[in-house]
Amino acid sequence: SSQVVWSMLGNRQFCSYKMTTKTQNFCRNEYNLTGLCNRSSCPLANSQYATIREEKGRCYLYMKTIERAAFPRRLWERVLLNKNYEKALEQIDENLIYWPRFIRHKCKQRFTKITQYLIRIRKLTLKRQRKLVPLRRKIERREKRREEKALIAAQLDNAIEKELLERLKQDTYGDIYNFPIHAFDKALQQQDAESESESDAEREEEDDEDVDKREFVEAEDSDLSDFEDMDKLETSSEEEQEEEEEVEKTASHSKSKGKTPLKGPARRKRPYIEIEYEEETEPTTKTKAA
Amino acid sequence: AAHGGSAGPPAPERVLFPPTFSVSEIKNKQRRHFMFLRWKQQQRKEKLAAKKKRRKEREALGDKAPPKAVPKTIENQRVYDETTVDPNDEEVAFDEATDEFAPYFNRQTVPKILITTSDRPRGRTVRFCEQLATVIPNSHVYYRRGLALKRIIPQCIARDFTDLIVINEDRKIPNGLVLSHLPDGPTAHFRMSSVRLRKEIKRKGKEPTEHVPEVILNNFTTRLGHSVGRMFASLFPHDPQFIGRQVATFHNQRDYIFFRFHRYIFKSEKKVGIQELGPRFTLKLRSLQKGTFDSKYGEYEWIHKRREMDTSRRKFHL
């Protein structure tokens with residue numbers, strides 16, 4: 001009757017375990033020995049059949065004989081195999097002693113493969129496991145949107161500039177930037193021609209000093225450039241010549257001193273979003289120096 | 001019936017509706033749409049008229065006018081966090097004097113940073129690591145090559161590294177950052193987004209030089225924010241070289257930390273110009289762990305729990 005079964009399932013009728021691909025037929029039956037759909041490997045079409053299956057790291061030998069074909073519950077007989085590889089092979093041999101060669105051979109092959117992959121599993125679990133965390137699309141989208149909004153609300157450039165000016169006011173930079181604050185204020189408040197000429201004279205004197213200073217204090221480039229920047233506010237033409245000299249002198253330095261950073265005037269060209277925020281709480285900042 | 005002509009917008013006076021009528025009751029979609037638009041226009045006109053009237057009143061009153069209403073922003077409406085640090089709090093000051101960063105802030109240790117990635121980094125991540133190494137002084141980039149972090153950490157401690165940065169990569173872009181302070185310091189795990197390398201930044205300046213940059217930490221208000229801020233501060237050497245005129249900014253806004261690297265120049269005492277160099281990225285804190293990196297047995301000080309913490313739009317933790 002196994003012949004009949006095979007003639008039905010194998011070729012003509014439908015077998016639910018059979019999976020066809022372009023080149024081969026596979027059998028999805030869990031008791032199948034080789035995994036292919038063949039006359040000799042079909043567990044339904046062979047009344048005497050054996051397989052190796054592993055459960056939780058232990059391997060079992062399953063056997064099916066004709067005598068028990070009428071009792072489906074007792075159909076498959078299970079033998080626990082030894083953990084030792086050679087002893088287990090002997091066990092298979094002794095259990096399948098008078099069985100067809102094909103089944104014995106395939107059983108041993110399958111058992112070998114299973115032990116190999118069990119060893120590999122054990123080795124891999126000792127190494128670093130990589131945990132895959134799924135992304136949730138809705139959450140990703142929400143986070144991205146919130147980040148954009150936070151960026152707009154942050155107004156980073158303003159915040160940084162404010163902080164830097166704060167630090168300048170609190171004298172963390174010490175003597176590097178010598179903005180003569182008081183003279184400036186006086187000049188702005190009074191707006192007298194005399195005071196302007198006086199400050200001009202002061203500036204010219206300082207320029208003379210600078211000429212000497214250059215020899216000694218070459219590292220302090222920012223000093224001189226700042227003086228130039230201030231001078232730009234009042235006089236224009238003379239400074240350009242001095243700037244060029246400066247640039248030649250500090251050619252080794254990779255920074256662009258005399259030019260104003262492009263960020264200032266060029267910023268306006270960006271689409272400027274007018275959002276009025278009135279921040280009541282001042283950002284608490286950390287002052288590093290001093 | 002009593003509706004006006006459907007061709008052009010008829011004058012509203014001619015139309016008479018029963019008083020309980022609403023636009024949504026009309027069954028015809030076209031007609032309903034049309035009526036709704038008309039209603040909207042009317043609302044807008046009324047609003048404009050009200051605004052104008054208010055402005056006229058304000059001008060008429062002159063000095064006696066009531067002050068302008070402050071618009072509500074998310075920062076204004078933020079749910080008050082009880083762990084907000086008061087600048088004069090002694091307990092906080094004492095804690096900070098005795099926590100893991102105390103040796104750094106007492107200038108006993110010099111930061112030395114190891115930057116590495118996850119396995120098999122792709123081009124963008126590698127370049128980002130290199131740029132980050134130029135931004136952070138005294139930092140070294142090492143390839144991961146499949147080594148376990150738990151084995152790297154004792155070796156780093158032996159070689160006197162103070163901080164470890166691991167940049168996690170997914171599909172060729174960096175998307176995570178693990179910052180670990182080494183001699184048994186806290187470990188922070190961030191999600192990183194919108195990474196821009198130097199060449200993608202518009203109007204950028206030249207390369208960052210070797211000078212030690214200044215550090216700006218903005219808006220870290222709560223206790224948690226404070227500890228994270230101190231972690232960032234401890235990456236950079238304590239004495240910035242002002243000659244370099246470089247500044248690294250960590251700005252916290254609504255729990256997103258924006259990192260920028262600029263060069264500044266003082267044009268006058270009231271004006272400063274900044275020019276962006278260096279990479280930029282944003283971080284979002286995912287977890288803060290007490291000891292060094294240990295995902296299974298570590299003691300977590302703070303984990304972002306989505307279900308509990310993302311319920312309110314006005315609640316932030318940093």
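First the proteins, then the strands, lettered A, B, ... as listed; each starts at 1.
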Visitor: Can you check salt bridge (Lys or Arg N to Asp or Glu O under 4.0 Å) on D310(B) and R142(A), steps first, answer last?
Guide: CA-CA 11 Å; D310(B) 269 356; R142(A) 187 168 66 180; 3.6 Å; yes

Visitor: Go through it in stages, so that I can follow the logic: the residues are R260(B) and L156(A), the test is side chain to side chain contact (heavy atoms under 4.5 Å, CB included), and I'd like the CA-CA distance, side-chain angles, deciding distance and then a yes or no.
Guide: CA-CA 9 Å; R260(B) 301 284 186 270; L156(A) 285 168; 3.6 Å; yes

Visitor: Taking the side chain as C-beta and beyond, is there a heavy-atom pair between K144(A) and S193(B) under 4.5 Å?
Guide: no

Visitor: Select one option (side chain, backbone, both, neither) describing which atoms of K284(B) are under 4.5 Å from chain A's heavy atoms.
Guide: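 Side chain only.
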
Visitor: Run the salt bridge (Lys or Arg N to Asp or Glu O under 4.0 Å) test against R306(B) and tell me which residues pass, sequence neighbours left out.
Guide: none

Visitor: Between R313(B) and R146(A), is there a side-chain heavy-atom distance shorter than 4.5 Å?
Guide: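 Counting from C-beta outward, R146(A) and R313(B) do come under 4.5 Å.
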
Visitor: Would you call E140(A)-R191(B) a salt bridge at under 4.0 Å N-O?
Guide: yes

Visitor: Rounded at 0.5 Å granularity, tell me how far NE2 in H262(B) sits from CG in D157(A).
Guide: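 Spacing of NE2 (H262(B)) from CG (D157(A)) equals 5.5 Å.
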
Visitor: Does the distance from a Lys or Arg side-chain N to an Asp or Glu carboxylate O, for R254(B) and E147(A), drop under 4.0 Å?
Guide: no

Visitor: What part of I139(A) lies closer than 4.5 angstrom to a heavy atom of chain B: side chain, backbone, both or neither?
Guide: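 Interface part for I139(A): side chain.
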
Visitor: Is it the side chain or the backbone of I257(B) that comes within 4.5 Å of chain A heavy atoms, both, or neither?
Guide: neither

Visitor: For Y143(B), does the OH atom sit with more than 12 other heavy atoms under 6.0 Å from it, leaving out its own atoms?
Guide: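 12 or below, so no.
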
Visitor: Rounded to the nearest 0.5 Å, what separation is found between the CG atom of L168(A) and the OH atom of Y264(B)?
Guide: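 Rounded to the nearest 0.5 Å, the CG-OH separation comes to 9.0 Å.
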
Visitor: Can you find a pair of side-chain heavy atoms, one from L164(A) and one from F266(B), that are under 4.5 Å apart?
Guide: yes

Visitor: Can you tell me if Y256(B) uses its side chain to pair, donor with acceptor, with the backbone of E148(A) under 3.5 Å?
Guide: no

Visitor: Going through the checks in order, is the side chain to side chain contact (heavy atoms under 4.5 Å, CB included) test met by R167(A) and E214(B)?
Guide: CA-CA 11 Å; R167(A) 289 192 182 177; E214(B) 296 174 49; 3.1 Å; yes

Visitor: For the CD atom on Q77(B), are there more than 12 heavy atoms of other groups (residues, nucleotides or ligands in this structure) within a distance under 6.0 Å?
Guide: yes

Visitor: For R223(B), give me all partners under side chain to side chain donor-acceptor pair (under 3.5 Å), at least two apart in sequence or on another chain.
Guide: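 Per chain and number, R223(B) pairs via side chain to side chain donor-acceptor pair (under 3.5 Å) with D95(B).
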
Visitor: Nearest 0.5 Å, what's the CG-CG distance between L135(A) and N175(B)?
Guide: 8.0 Å

Visitor: Check whether any side-chain heavy atom of K270(B) sits under 4.5 Å from a side-chain heavy atom of L165(A), and report yes or no.
Guide: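 No, side chains not in contact.
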
Visitor: What part of D255(B) gets within 4.5 angstrom of chain A, counting heavy atoms only: side chain, backbone, both, or neither?
Guide: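 Nothing of D255(B), per the 4.5 Å heavy-atom cut-off to chain A.
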
